[in-house]
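This report refers to the structure that appears directly beneath it.
Residues: numbered from 1 along the sequence shown.
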Amino acid sequence: MQFFADFYASNRHLIDLIGVNAMLALSVYMTLSCAMLSLSNAASMAIGAYTAAVLTTQLGIGLWPAVIVGACMAGLVALLLGLPILRLRGVFLAISTIGFGEVVRIIIENIPSLGGSEGYRLNAGQFTATSGFWEIYIVLILLAYFFSRLKGSRMGLALEAIREDESAASTLGINVTFYKVAAYVTGAIIAGVAGALYAHALPVLLPGGFGFTRAVDILVYAVVGGTFAWRGAIAGAFLMTILSEVLRIIPPIGNLYIKDYPEIFSGLILLTVVLFLPNGLLSVALGLNRRRGPARPIPEQVRPDPHHSELGGDSAVGGGQESLRDAELATEPSQAIKVGYEETRSSEEGVTHPGASPREASG
């Protein structure tokens, strides 16, 4: 235990950041699950972060009540925004949510009580509240359980139907508007929780950390990991967060400092995944599991009868061939009709077979 305590003490920021980024990836996965390309998760994160920070530092409220209030505030703003804005589709929805995120950032920078562009300092007064490993990862485990139960639930099936074909889902009686608004608000609440915990893991909260770059990074986490499963969002957040820290320790090449341009490598990874792995990195792991899986059992109708095999010789072979032939005819009705027709035509003259016409029998 002492080893893990020392390891966490020396890598606390990175470990906490992985958990927070995984929550943010799940928030954007929630909206992508019904084919909504929303980039307002960074704005929801900022709303939750600053709301919780004000409650703990100025009003002395505890961490968890402040996190809940911050998440509810982010969800309320998303509800008011989602009712009119979710009428948009595709790139128009993405552009509008980007604009909303920039508006939130600019408003925070112009409020002196929130520190403006210089940042909001936490735990500097008489009230203190901090978040760490247990707070962040307990919430992440609860979110993982939520998404595992969502997959086969009524809401999960409705979101999947909307993602596949919105018009067909509406025809089947699914309230498309309700489920899209619910997914958007749920994603905002998750981002608000992540922002509130992220704020209390830092000494200073800067509004620049919730801009357009952060919104794109959150989307990259989900796309790189895989948008078809919630595990892919967590895997993508883990990989990209580790990669950004690895780039910091790479020595400079001449006058080029690679650590100053992490966006270039994130873009290259995103482009590679989109071109060669459209379903994300998680599809590679699933593909390997399928290849290593057990051999598919032979269907019962294809297996030779063991009683025929005891007779030996031609009987065993004939029994196996008849079983195979019966299975093929059973699975292909059109082929069975064709074979029956050919057998009838090739029969002896003057003998009536089932399925033969009176003219053929008399001929």
Side-chain angles (χ1 to χ4, degrees), residues 17-18 20-45 85-86 88-102 144 147 150-151 156 159-166 180 183-184 187-188 190-191 194 210-248 250 258-291:
L17 188 61
I18 290 174
V20 171
N21 287 343
M23 295 182 207
L24 295 173
L26 290 174
S27 72
V28 75
Y29 166 79
M30 190 68 199
T31 55
L32 291 175
S33 63
C34 58
M36 289 192 301
L37 182 58
S38 171
L39 295 175
S40 62
N41 303 80
S44 300
M45 180 185 180
I85 205 174
L86 293 182
L88 302 175
R89 298 289 187 275
V91 67
F92 301 103
L93 176 61
I95 293 173
S96 60
T97 51
I98 290 173
F100 168 68
E102 289 301 303
F147 280 99
L150 178 68
K151 184 67 177 177
L159 294 176
E160 187 174 353
I162 295 171
R163 180 183 60 189
E164 295 298 330
D165 193 326
E166 184 175 329
K180 291 180 73 172
Y184 185 71
I190 296 173
F210 306 102
F212 173 71
T213 303
R214 190 58 177 266
V216 174
D217 288 341
I218 297 172
L219 180 63
V220 169
Y221 299 153
V223 174
V224 169
T227 58
F228 68 97
W230 60 269
R231 299 178 186 85
I234 296 178
F238 176 82
L239 175 66
M240 298 304 295
T241 306
I242 292 291
L243 180 64
S244 63
E245 294 298 321
V246 169
L247 294 177
R248 298 178 185 274
I250 296 178
I258 299 178
K259 64 179 181 180
D260 296 334
Y261 304 98
E263 296 85 3
I264 296 177
F265 293 91
S266 298
L268 290 175
I269 292 174
L270 178 61
L271 181 62
T272 303
V273 170
V274 169
L275 291 177
F276 300 102
L277 295 172
N279 292 325
L281 296 177
L282 191 63
S283 61
V284 178
L286 294 178
L288 293 176
N289 289 335
R290 292 193 189 100
R291 292 177 184 176

task: Measure across Val28 and Ser38 and return the closest heavy-atom pair with its distance rounded to 0.1 Å.
output: CG2-O, 4.0 Å
Could you go through residues 227-240 and list every donor-acceptor pair under 3.5 Å that involves a side-chain atom there, pairing it with any protein atom two or more places apart or in another chain?
none

- prompt: Side chains of Leu37 and Val91: does their closest heavy-atom pair fall under 4.5 Å?
  reply: no
task: Heavy atoms only: give me the nearest Met30-Gly187 pair and the separation to one decimal.
output: CG-N, 4.0 Å
statement: To the nearest 0.5 Å, atom CG of Leu86 lies from atom OH of Tyr184 at 6.5 Å
I'd like a table of donor-acceptor pairs (distance under 3.5 Å, sequence neighbours excluded) in which one partner is a side-chain atom from residues 211-225, with atom names and distances.
{"from": "Arg214", "atom 1": "NH1", "to": "Gly209", "atom 2": "O", "distance (Å)": "3.4"}
{"from": "Arg214", "atom 1": "NH2", "to": "Asn21", "atom 2": "OD1", "distance (Å)": "3.4"}
{"from": "Tyr221", "atom 1": "OH", "to": "Asn21", "atom 2": "ND2", "distance (Å)": "3.3"}

- prompt: What are the two closest non-hydrogen atoms of Met36 and Lys180, and how far apart are they?
  reply: CE-O, 3.3 Å
Shortest non-hydrogen separation from Ser44 to Ala191 and the atoms involved: CB-CB, 3.9 Å
- request: To the nearest 0.5 angstrom, please state how far the CG atom of Leu26 sits from the CG atom of Asn41.
  value: 11.0 Å
- request: To the nearest 0.5 Å, tell me how far Leu39 CG sits from Ile95 CD1.
  value: 10.0 Å
query: Sequence neighbours excluded, which residues qualify as side chain to side chain contact (heavy atoms under 4.5 Å, CB included) partners of Ser33?
result: Leu159
